[in-house]
Amino acid sequence: MRKLLISIIFAGVLFGCSPTTDEDIYKEAQSKFDQGNYAETLQQYEKLIKEFPETNYRAKALFEIGKLYHGQVVKSLTEEQSLNKAIKFYSKVYKEYPDSSQAPNSLFMIGFLKANELEQLDSARFYYNLFIEKYPDNEMAVSAKAEIENLGIPAEEILKQKAVKK
């Protein structure tokens with residue numbers, strides 16, 4: 001009887017402490033991120049999306065997953081694979097939640113990754129222009145325009161041009 005009681009208590013502690021709501025899982029993911037445990041952060045966000053597909057945290061979680069892949073936290077992926085996964089998740093945010101606060105940043109980041117990491121300049125131009133069209137009053141619109149003007153120009157050259165203008 002005593003063993004049964006200890007087992008029940010242990011199971012209650014074990015299962016009672018694990019996140020069970022969408023908010024719990026989201027907070028757990030944020031906690032893991034704050035601790036620098038990015039692999040577990042990614043797992044928590046993926047768990048949230050899988051277990052709570054209709055959650056209000058979905059757009060945020062998708063965006064955070066995009067950021068994690070952008071940061072190349074999954075060491076088993078090549079840089080290109082990781083960046084393409086980031087674009088995939090940023091695209092989901094923009095397509096599924098175009099009115100969310102994460103949508104403009106997601107769309108901008110797609111253009112940024114295509115321009116500055118993957119050197120897909122025509123595709124980057126498309127996404128920057130789409131950003132400007134969809135979010136013309138967003139504070140990042142000026143940056144999107146500057147990115148278009150400087151597509152394909154090495155950063156050193158841009159800095160030289162700015163120094164000459166001063």
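- Side-chain contact between Phe63 and Phe89: absent, with no pair of heavy atoms (C-beta onward) separated by less than 4.5 Å.
- Counting only distance, with no hydrogens or angles, the side chain of Asn150 and the backbone of Ile153 share no donor-acceptor pair below 3.5 Å.
- The shortest heavy-atom contact between Asn37 and Glu40 is ND2-OE2, 3.0 Å.
- The shortest distance between side-chain heavy atoms of Tyr45 and Leu62 does not fall below 4.5 Å.
- Atom-to-atom distance recorded for Leu107:CG and Ile132:CD1 is 10.0 Å, nearest 0.5 angstrom.
- Judged by distance alone, the side chains of Asp34 and Ser31 never bring a donor and an acceptor atom under 3.5 Å apart.
- For the residue pair Glu147 / Ser143, no side-chain donor-acceptor distance below 3.5 Å is found, with atom types taken as modelled.
- Classified by interplanar angle (parallel below 30°, tilted 30° to 60°, perpendicular above 60°), the ring pair Phe108/Phe112 is parallel.
- A cation-pi arrangement is absent between Lys60 and Tyr57, since the terminal nitrogen or guanidinium carbon is not both under 6.0 Å from the aromatic centre and inside a 45° cone about the axis.
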Show me, pair by pair, the donor-acceptor contacts under 3.5 angstrom made by side chains of residues 65-73, not counting sequence neighbours?
residue	atom	partner	partner atom	Å
Lys67	NZ	Glu64	OE1	3.3
Lys67	NZ	Glu64	OE2	3.3

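- Summarising the geometry, atom CD belonging to Glu28 is positioned 11.5 Å from atom OG1 belonging to Thr20; distances are rounded to the nearest 0.5 Å.
- Judged by distance alone, the side chain of Ser106 and the main-chain N or O of Gln102 form a donor-acceptor pair under 3.5 Å.
- The pair Glu23-Lys27 meets the salt-bridge criterion, with a side-chain N (NZ, NE, NH1 or NH2) lying under 4.0 Å from an Asp/Glu carboxylate O.
- Between Leu113 and Tyr90 there is a side-chain heavy-atom pair separated by less than 4.5 Å.
- More than 12 heavy atoms of other residues, nucleotides or ligands sit less than 6.0 Å from atom CD of Gln35.
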I would like to know whether Arg58 and Glu96 meet salt bridge (Lys or Arg N to Asp or Glu O under 4.0 Å); could you show each step before the answer? CA-CA 10 Å; Arg58 185 174 166 84; Glu96 294 178 20; 3.2 Å; yes
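- To the nearest 0.5 angstrom, Lys114 atom NZ is 4.5 Å from Ile87 atom CD1.
- Rounded to the nearest 0.5 Å, atoms CG (Asp22) and CD (Glu54) are 11.0 Å apart.
- Between Ile110 and Ser91 there is a side-chain heavy-atom pair separated by less than 4.5 Å.
- A donor-acceptor pair under 3.5 Å links the side-chain atoms of Ser100 to the main chain of Tyr97, judged by distance alone.
- More than 12 heavy-atom neighbours from other residues, nucleotides or ligands sit within 6.0 angstrom of CG on Asn129.
- Closest approach of Ile25 and Gln44 over heavy atoms only: CG2-O, 3.2 Å.
- Summarising the geometry, atom CG belonging to Asp122 is positioned 9.0 Å from atom CG belonging to Leu151; distances are rounded to the nearest 0.5 Å.
- Taking every heavy atom of both residues into account, Pro98 and Ala103 meet most closely at O-CB, 3.4 Å.
- How far OG1 of Thr41 is from CD of Gln30: 9.5 Å, rounded to the nearest 0.5 Å.
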